[in-house]
Q: 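Sharing a structure here in structure tokens format.
A note on names: the letters A, B, ... follow the listed sequences, proteins ahead of strands, and every chain is numbered from 1.
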Amino acid sequence: MEKKITISDLSDYVGQDVTLKGWLYNKRSSGKVKFLILRDGTGYLQCIVFKGNVSEDVFKVADSLTQEASFEITGKVKREERAVGGFELDATDVKLIGESHDFPITPKEHGVEFLIDNRHLWLRSKRQVSIMKIRHRIVKAIRDFFDEKGFTLFDPPIITPNACEGTSTLFELDYFDLGKGYLTQSGQLYAEAGALALGKVYTFGPTFRAEKSKTRRHLTEFWMVEPEMAFYDLNDDMDLAEEFLEYIVQTILKEKKEDLAILERDTSKLEKVVRPFPRVSYDDAVEILKNNGVDFEWGNDFGAADETIISNQFDRPVMVHRYPSEIKAFYMKRDPENPKVALAVDVLAPEGYGEIIGGSQREDDLNLLLERIKQHDLPQSFFEWYLDLRRYGSVPHSGFGLGLERTVSWICGLEHLREAIPFPRMIYRNTP
RNA sequence: UCCGCGAUAGCUCAAUGGUAGAGCAUUCGGCUGUUAACCGAAGGGUUGUAGGUUCGAGUCCUACUCGCGGAGCCA
């Protein structure tokens with residue numbers, strides 16, 4: 001295979017002749033000199049084509065290149081302070097690879113609707129490339145974190161026979177002669193089986209919600225990572241969650257400076273994301289709301305505006321724990337010291353980004369769990385395997401789920417979740 | 001499901017009820033250091049759909065369609 005040189009490699013090739021391949025990001029022309037901005041996914045490079053330095057034909061090719069045309073360019077690499085990225089290519093040859101006529105996304109501003117219609121092309125823009133790179137690095141940080149702590153990646157099924165938590169609306173499908181199947185809304189119940197087999201596991205995959213949520217904080221298909229640990233109580237769970245978030249944020253701050261700069265992210269807010277995070281009980285949170293003039297009744301769940309008020313009291317993520325058990329899922333363990341509340345925790349991100357983590361200690365007592373399933377009107381037959389986990393060597397265990405796109409959105413400072421995933425799926429959009 | 005906002009050139013937007021315009025993109029011309037380059041010119045429209053008011057509707061009224069934001073639900 002021929003050696004492939006990319007823009008990110010150029011510091012090794014100063015003074016040498018190289019051939020690069022990519023797409024035309026932009027072009028400026030001043031009579032006998034043309035400035036071609038090449039992008040190749042690793043960076044941006046200004047290429048100079050002087051009329052006197054190349055043949056008539058090569059100059060014509062350079063002249064004919066249009067936005068997003070793909071081409072090959074050869075020339076000498078030099079350091080150049082005036083150019084973006086600090087390098088410049090003095091071209092001697094240009095070859096067209098693929099034409100591009102009337103590229104829809106011009107260098108001026110566009111509306112969100114138009115951009116999302118052209119998502120497949122929008123992804124080529126500088127901003128979207130940076131978001132995708134940060135998303136990738138966050139995913140890697142997540143995996144590194146758990147892998148280094150002795151967790152085993154444990155893949156749950158995506159097609160499930162029932163609603164995991166019995167609350168959300170799910171996508172339904174016909175499953176041969178077995179009746180209805182559903183796309184999973186959480187791998188958690190399966191992760192519990194994994195934790196009792198392997199000790200510490202995490203699931204990482206797509207999740208589906210058929211809720212008709214029309215907000216910037218919702219997608220119908222999103223990625224979630226869910227660790228589940230045997231012999232962890234709620235406090236252990238919260239300790240892990242804050243160490244986890246600190247690791248992700250600090251890793252991105254350290255390794256993705258350039259991309260955060262392209263996104264114009266105010267990193268001073270992210271630098272404060274270090275342990276310990278404030279921990280407030282639901283009762284404390286209700287007090288905060290009342291002190292801020294909110295007419296809030298104990299027992300209700302917090303709305304988006306309530307969450308923002310609570311998180312604005314702090315400069316880092318806040319962990320709200322011990323919610324009324326009535327508003328939480330059936331599998332969450334009740335607090336032995338106050339059975340009205342569940343051993344649950346939500347982590348609210350700063351700057352109004354809302355809930356990024358939801359977790360709990362799980363109910364490990366067979367009889368209490370059976371009772372809870374009846375109370376929630378869930379079909380016990382579907383949960384027999386799950387109840388077996390309490391019949392054969394039940395142990396205290398806990399876990400949580402982190403929404404990947406909400407995390408990407410928060411760290412990148414995005415306005416809308418749809419930019420945090422390559423091809424967003426929303427209630428009124430399933431294309432491109 | 002409920003509440004609010006919107007739809008005009010390929011894109012982003014203007015246009016007191018009185019000849020539908022600008023910037024970008026495209027095409028042509030000019031410029032040997034440009035940084036969303038600049039300068040000059042050209043092409044480009046059934047103003048979301050249907051109806052109504054009016055001498056006259058992009059503009060006012062009604063219905064519908066589509067989209068956006070928020071609530072609820074949640075990560």
Q: Checking all strands, does A/His101 fall into the base, sugar-phosphate, or nothing category for heavy-atom contacts under 4.0 angstrom?
A: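 Nothing: the residue A/His101, judged by heavy atoms under 4.0 Å, touches no strand.
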Q: What interatomic distance, in whole Å, is found between P of B/C61 and the corresponding atom of B/G6?
A: 11 Å
Q: With the criterion set at under 5.5 Å between ring centres and under 30 degrees between planes, would B/A75 be stacked on A/Phe222?
A: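 Given the distance and angle limits, yes, they stack.
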Q: Let me know which of A/Glu405, A/Arg127, A/Arg265 forms a side-chain contact (heavy atoms from CB on, under 4.5 Å) with A/Leu414.
A: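 With A/Leu414 as partner, A/Glu405, A/Arg127, A/Arg265 yield a single side-chain contact (heavy atoms from CB on, under 4.5 Å), made by A/Arg127.
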Q: Contact class for A/Phe114 (heavy atom, under 4.0 Å): base, sugar-phosphate, or nothing?
A: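 The answer is sugar-phosphate, as A/Phe114 gets under 4.0 Å only of primed atoms, P, OP1 or OP2.
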Q: Which parts of nucleotides 1-9 of chain B does protein reach within less than 4.0 Å, heavy atoms only, written one letter per nucleotide 5' to 3' as B for base, S for sugar-phosphate only and - for none?
A: B--------
Q: Looking at A/Lys51 and A/Asp63, does any basic side-chain N land under 4.0 Å from a carboxylate oxygen?
A: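 Answer for the salt bridge query: no.
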Q: Contact class for A/Asp346 vs. all strands (heavy atom < 4.0 Å): base, sugar-phosphate, or nothing?
A: nothing
Q: Using a heavy-atom cut-off of 4.0 Å across all strands, would you classify A/Gln46 as base, sugar-phosphate, or nothing?
A: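 Base contact.
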Q: Under 4.0 Å, heavy atoms only, any strand: does A/Ala304 hit a base, just the sugar-phosphate, or nothing?
A: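 Answer is sugar-phosphate: A/Ala304 comes under 4.0 Å of backbone atoms only.
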Q: Quick one: which of B/A71, B/C31, B/C74 gets closest to the side chain of A/Asp301?
A: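 From the listed options, B/C74 comes nearest.
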Q: So that I can compare with my own list, what are the stems of RNA chain B, taken as at least three consecutive Watson-Crick or G-U pairs with distances under 3.5 Å?
A: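 Correct response: B:1-7 with B:65-71, B:10-13 with B:21-24, B:26-30 with B:38-42, B:48-52 with B:60-64.
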Q: Please confirm whether A/Lys200 makes a cation-pi placement over A/Tyr202, using NZ or CZ under 6.0 Å from the six-membered ring centre and within 45° of the ring normal.
A: no
Q: Expressed in whole Å, how much space separates the C1' atoms belonging to B/G30 and B/A15?
A: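 Roughly 33 Å separates the two C1' atoms.
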Q: Assign A/Ser29 to base, sugar-phosphate, or nothing according to its heavy-atom contacts below 4.0 angstrom with the strands shown.
A: base
Q: With respect to the side chain of A/Arg217, which nucleotide from B/G33, B/A71, B/A75 is positioned closest?
A: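 My answer, after comparing the listed nucleotides, is B/A71.
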Q: If you assign each of A/Ile327 and A/Arg418 to its closest nucleotide in RNA chain B, which residue comes earlier from the 5' end?
A: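 Closest to the 5' end, via its nearest nucleotide, is A/Arg418.
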Q: How many whole angstroms separate atom CG of A/Asn26 from atom P of B/C24?
A: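 A/Asn26 atom CG is separated from B/C24 atom P by 13 Å.
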Q: Less than 4.0 angstrom from a charged side-chain N to a carboxylate O is my criterion; do A/Glu242 and A/Arg275 meet it?
A: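 Salt bridge between A/Glu242 and A/Arg275, a charged N being under 4.0 Å from a carboxylate O: no.
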Q: Can any side-chain N or O of A/Arg217 pair as donor or acceptor with the backbone N or O of A/Arg406 at less than 3.5 Å?
A: no
Q: State which residue, out of A/Val18, A/Ile48, A/Thr19, fulfils the side-chain contact (heavy atoms from CB on, under 4.5 Å) condition with A/Leu89.
A: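 Checked A/Val18, A/Ile48, A/Thr19 against A/Leu89; only one passes side-chain contact (heavy atoms from CB on, under 4.5 Å): A/Val18.
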Q: Between A/Phe59 and A/Lys34, is any pair of side-chain heavy atoms under 4.5 Å apart?
A: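 Touching, per the 4.5 Å side-chain cut-off.
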Q: Which comes earlier along RNA chain B counting from the 5' end, the contact point of A/Gly52 or that of A/Leu219, where each point is its nearest nucleotide?
A: A/Gly52
Q: Between B/G43 and B/U62, how far is it from one P atom to the other, in whole Å?
A: 40 Å
Q: Taking 4.0 Å as the cut-off, does a side-chain nitrogen or oxygen of A/Arg216 come that near to OP1 or OP2 on B/A71?
A: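 No, A/Arg216 has no side-chain N/O under 4.0 Å of OP1/OP2 on B/A71.
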Q: Using a cut-off of 4.0 Å on non-hydrogen atoms, how would the nucleic acid contact of A/Glu88 be classed: base, sugar-phosphate, or nothing?
A: base
Q: Assess whether atom CD of A/Gln313 is packed by more than 12 heavy atoms of other residues, nucleotides or ligands within 6.0 Å.
A: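 Yes, the 6.0 Å shell around CD holds more than 12 heavy atoms from other groups.
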Q: Name the residue from A/Thr407, A/Ile421, A/Thr207, A/Val139 that meets the side-chain contact (heavy atoms from CB on, under 4.5 Å) definition with A/Trp223.
A: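 The passing option is A/Ile421.
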Q: Answer yes or no: does a side-chain N or O of A/His110 lie under 4.0 Å from OP1 or OP2 of B/C13?
A: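 Looking at the OP1 and OP2 atoms of B/C13, neither is under 4.0 Å from any side-chain N or O of A/His110.
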Q: Fit a plane to each ring of A/His110 and A/Phe114, take the angle between them on a 0 to 90° scale, and name the class: parallel (under 30°), tilted (30 to 60°) or perpendicular (over 60°).
A: parallel
